[in-house]
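Positions are given from 1, in the same order as the sequence printed here.
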Amino acid sequence: MDASVLNNPRLKALIEEERTKALTNELVAKLTHICWDKCVTGSIGSSFSRSEASCLSNCAKRFAEVKMMTMQRFTER
């Protein structure tokens, strides 16, 4: 393979886009696992209870906030 291909801006953009997608998928998987284990306590039915829905929403918001704060701290360094 020609080394100049690795310096192609379109290829770099595509690689960065795929990396971002992979990180997003990983974040969603972690979020789902953590919040599900924390919030869903009853048997699985056709819908969540009001307390489960509220817990899932709050958990997702807090998880996203902490992730963003962590990322900001790392980029500041």
Side-chain angles (χ1 to χ4, degrees):
M1 177 178 4
D2 185 5
S4 65
V5 172
L6 299 176
N7 293 324
N8 183 324
R10 289 177 62 198
L11 178 60
K12 285 183 177 182
L14 179 63
I15 290 170
E16 182 60 29
E17 182 180 332
E18 290 301 316
R19 188 177 85 68
T20 301
K21 286 179 187 178
L23 290 172
T24 301
N25 287 338
E26 181 182 339
L27 178 64
V28 169
K30 285 181 182 177
L31 171 68
T32 301
H33 178 73
I34 290 169
C35 293
W36 184 273
D37 288 348
K38 177 181 170 63
C39 299
V40 180
T41 57
S43 60
I44 299 172
S46 61
S47 63
F48 295 117
S49 70
R50 181 172 286 162
S51 63
E52 289 172 333
S54 176
C55 180
L56 287 167
S57 176
N58 290 332
C59 181
K61 288 176 186 175
R62 298 297 89 72
F63 188 88
E65 288 171 1
V66 168
K67 187 70 170 178
M68 291 301 294
M69 284 186 346
T70 303
M71 289 171 48
Q72 287 174 346
R73 292 282 171 113
F74 280 117
T75 57
E76 290 173 359
R77 292 183 176 185

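Within the 4.5 Å cutoff, the side chain of Thr32 has heavy atoms near those of the Val28 side chain. In this structure the side chain of Thr70 never reaches within 4.5 angstrom of the side chain of Arg73, judged on heavy atoms.
Using a cut-off of 4.0 Å between Lys/Arg side-chain N and Asp/Glu carboxylate O, Lys12 and Glu16 are scored as not salt-bridged. Using a 4.0 Å cut-off between charged nitrogen and carboxylate oxygen, Lys30 and Glu26 count as a salt-bridge pair.
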(message) Please determine whether salt bridge (charged side-chain N to carboxylate O under 4.0 Å, His left out) holds for the pair Lys61 and Glu65, giving the CA-CA distance in whole Å, both sets of side-chain angles, and the decisive distance to 0.1 Å.
(response) CA-CA 6 Å; Lys61 288 176 186 175; Glu65 288 171 1; over 6 Å; no
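By the SG-distance test at 2.5 Å, no disulfide connects Cys55 to Cys35.
Interatomic distance, Glu18 CD to Thr20 OG1, rounded to the nearest 0.5 Å: 9.0 Å.
When every heavy atom of Ala60 is checked against every heavy atom of Leu31, the shortest pair comes out as CA-CD1, 3.5 Å. When all heavy atoms are compared, the tightest approach of Thr41 to Glu52 is N-OE2, 3.3 Å. Closest approach of Lys38 to Cys59, counting heavy atoms only: CD-SG, 4.3 Å.
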